[in-house]
Amino acid sequence: MKERSIIHVDMDAFYAAVEQRDNPELKGKPVIIGGPDPTKRGVVATASYEARQFGVHSAMPLREAYKRCPHGVYLPVNMHKYQQASKHIFNIFQKFTPLVENISLDEAFLDVTGSRSLFGSSKSIAREIIDQIDKEVNLAASIGISYNKFLAKLASDLDKPKGFVVVSADNFYEVVHPLPVKRVWGVGKKMEQQLRAVGLKTIGDIASASLFSLKQQFGLAGEHIYALSHGIDNRPVIPNREAKSIGRETTFSVDISDRDVLYATLMQLVEDVSFRLRNSNCWCQCVTVKIRYACFNTYNRQTTLSQQINLETEIYSEARELFDSFYDGQPVRLIGVTLSHLKAEKEKQVELFGWENEKKQALAEAADRLRTKYGKPLVVRARGIKKD
Ligand code: DCP
Ligand code: MG
């Protein structure tokens, strides 16, 4: 089989970088997104690299961020702006290959195996992509290039910001094996501890462990991490049109039981997944909400709808209802939203929507256009405004 060329692109400090781009006074300053008032409730969506030097990072409560970086510039999430930038970036990817899998607003896999004859090596394609993002969107990205998805993603994270890392069969052992086990896809905190307990600290350690004992201890996951530690990952890049579901989850750095913070986070997740849904010209008919409590007990609840939806307001209302139906007030470690039963636009049955929904859709698009024109949301959802 021909060796594949996979590029993973992940934008640097995405939301913060968009704000710095749009207000040059913020360049070089610690910018924290998730405000606007750090003394109030909420979590950090992201922080510029300048702010990270003070120990501020995503999913940290704003109050903690403020303690670490009181002189930072705190800004609210302006999702519409980030969605616009994201759309622009994804359009650039499409110029090089139709095999683009959008993972989130700022992250995608590109399979450029078939594009090399047209555009040159995967490295030159990646350089061209970075150049175009820089010139047309005025933002910086980190790139990982390799022969599979796992290694490409790993590579893009190795030298952030503005990283450009190639993992090939030649440098695989040297680059990958010394890395800690937590870099392996699927190894969370709990598994990391379990691996440590049996003396496996690096990816190289996993590779030299016995497959039998890994399978005994971790089942299928053991087999999975063993294969990855040997650089084996055959998962294809699935263009989003064919995606079966679109999901996003957030792990809080401190467990949260404040409902306002949980609702605001739920809204951010809904904004992200619904944008990706519409960006793939899809509708969904099933919404799932996931809650992992501090004790690691994890629950998923889903609702299947009688009609297909793709608007934030509709999806949030389903997600919120689900959340309220099973959240029991305990501290939450992680929440997530997944959309499934996806249908492409062309398959959608127009009569299911009827005149009322067509009107809402047109209204949402009109509101989007207004926001683009005036650079700020003129029509806002009340739930997106965080309470004190
Ligand atoms: N995000 C969020 N909540 C989180 C994590 C991320 O709202 N817990 C948002 C803000 C980020 C964007 O998603 O800007 C992309 O997430 P990344 O994990 O890629 O983080 P950044 O792009 O901000 O930084 P990095 O340079 O580490 O990729
Ligand atoms: Mg990023």
*Go through the steps for L277 and I315 under the test side chain to side chain contact (heavy atoms under 4.5 Å, CB included), then give the verdict.*
CA-CA 11 Å; L277 183 72; I315 295 170; 4.1 Å; yes
What's the separation between atom [atom1] in [X] and atom [atom2] in [Y], rounded to the nearest 0.5 Å?
X	Y	atom1	atom2	value
I256	T250	CD1	OG1	11.0 Å
Q132	H88	CD	NE2	9.0 Å
F164	K123	CZ	NZ	7.0 Å
F119	E128	CZ	CD	9.0 Å
I103	I246	CD1	CD1	10.5 Å
I238	D111	CD1	CG	11.5 Å

Exercise: identify the closest heavy-atom pair between [X] and [Y]:
X	Y	result
R183	L154	O-CD1, 3.4 Å
G231	F172	N-CZ, 3.4 Å
P239	L99	CG-CD2, 3.6 Å
A47	A13	O-CB, 3.7 Å
A207	Y226	O-CE1, 3.8 Å

*K160 and D12: CA distance, side-chain angles, deciding distance, salt bridge (Lys or Arg N to Asp or Glu O under 4.0 Å) verdict*: CA-CA 7 Å; K160 263 184 166 290; D12 297 331; 2.7 Å; yes
*Check the pair R116, S5 against side-chain hydrogen bond (donor to acceptor under 3.5 Å, both in side chains), reporting the backbone distance first and the verdict last.*
CA-CA 9 Å; R116 291 176 301 194; S5 280; 2.7 Å; yes
Taking atom [atom1] of [X] as the centre, does the number of heavy atoms from other residues, nucleotides or ligands within less than 6.0 Å exceed 12?
X	atom1	result
E136	CD	yes
R196	CZ	no
K87	NZ	no
K189	NZ	no

Cluster overlap [X] with [Y], hydrophobic side-chain contacts below 4.5 Å:
X	Y	result
M11	I92	yes
L220	L228	no
V337	F252	yes
L151	I7	no
V254	V332	no

*Quick one: do the S168 and D170 side chains pair a donor with an acceptor below 3.5 Å?*
no
_Could you tell me if Y293 and D328 have a donor-acceptor pair between their side chains, going purely by distance under 3.5 Å?_
yes
salt_bridge([X], [Y]) N-O dist < 4.0 Å:
X	Y	value
D131	R127	no
K149	E101	yes
K29	E19	no

Would you say [X]'s side chain and [Y]'s backbone share a donor-acceptor pair under 3.5 angstrom?
X	Y	value
E174	N171	no
S142	K162	yes
S58	A45	yes
D205	K201	yes
D233	F150	yes
S146	V167	yes
E107	D10	no
T303	V287	no
Q20	L26	yes
S208	G204	yes

Would you check if [X] and [Y] make a side-chain contact, meaning some heavy-atom pair closer than 4.5 Å?
X	Y	value
R235	N148	no
L195	I225	yes
F14	I89	yes
Y66	L62	no
L110	I129	yes
V18	L139	yes
M60	R68	yes
V175	L158	yes

*What residue pairs, at least two apart or across chains, pass ring-ring contact (aromatic ring centres under 6.0 Å, His included) with a residue in residues 318-343?*
Y263-F323, F323-Y327
*Regarding R52 and the six-membered ring of Y49, is the cationic atom NZ or CZ under 6.0 Å from the ring centre and inside 45° of its axis?*
yes
*asked:* Consider side chain to side chain contact (heavy atoms under 4.5 Å, CB included). Of I32, L75, V44, L105, which one does Y15 pass it with?
replied: L105
*asked:* Using salt bridge (Lys or Arg N to Asp or Glu O under 4.0 Å), reason through D272 and R276 one step at a time and then give a plain yes or no.
replied: CA-CA 6 Å; D272 181 288; R276 281 156 57 206; 2.8 Å; yes
*By salt bridge (Lys or Arg N to Asp or Glu O under 4.0 Å), which residues pair with D324, not counting sequence neighbours?*
R259, R320
*Can T251 and R333 be said to form a side chain to side chain contact (heavy atoms under 4.5 Å, CB included), step by step?*
CA-CA 6 Å; T251 304; R333 177 182 163 75; 4.3 Å; yes
_In terms of relative ring orientation, are Y173 and H177 parallel, tilted or perpendicular, with 30° and 60° separating the classes?_
perpendicular
*asked:* Test side chain to side chain contact (heavy atoms under 4.5 Å, CB included) on Y74 and C69; report intermediate values, then the result.
replied: CA-CA 10 Å; Y74 290 80; C69 188; 4.1 Å; yes
*Derivation of the side chain to side chain contact (heavy atoms under 4.5 Å, CB included) call for C284 and I309*: CA-CA 5 Å; C284 73; I309 56 176; 4.0 Å; yes
_Using ring centroids (six-membered ring only for Trp), state whether H224 and F218 fall under 6.0 Å._
no
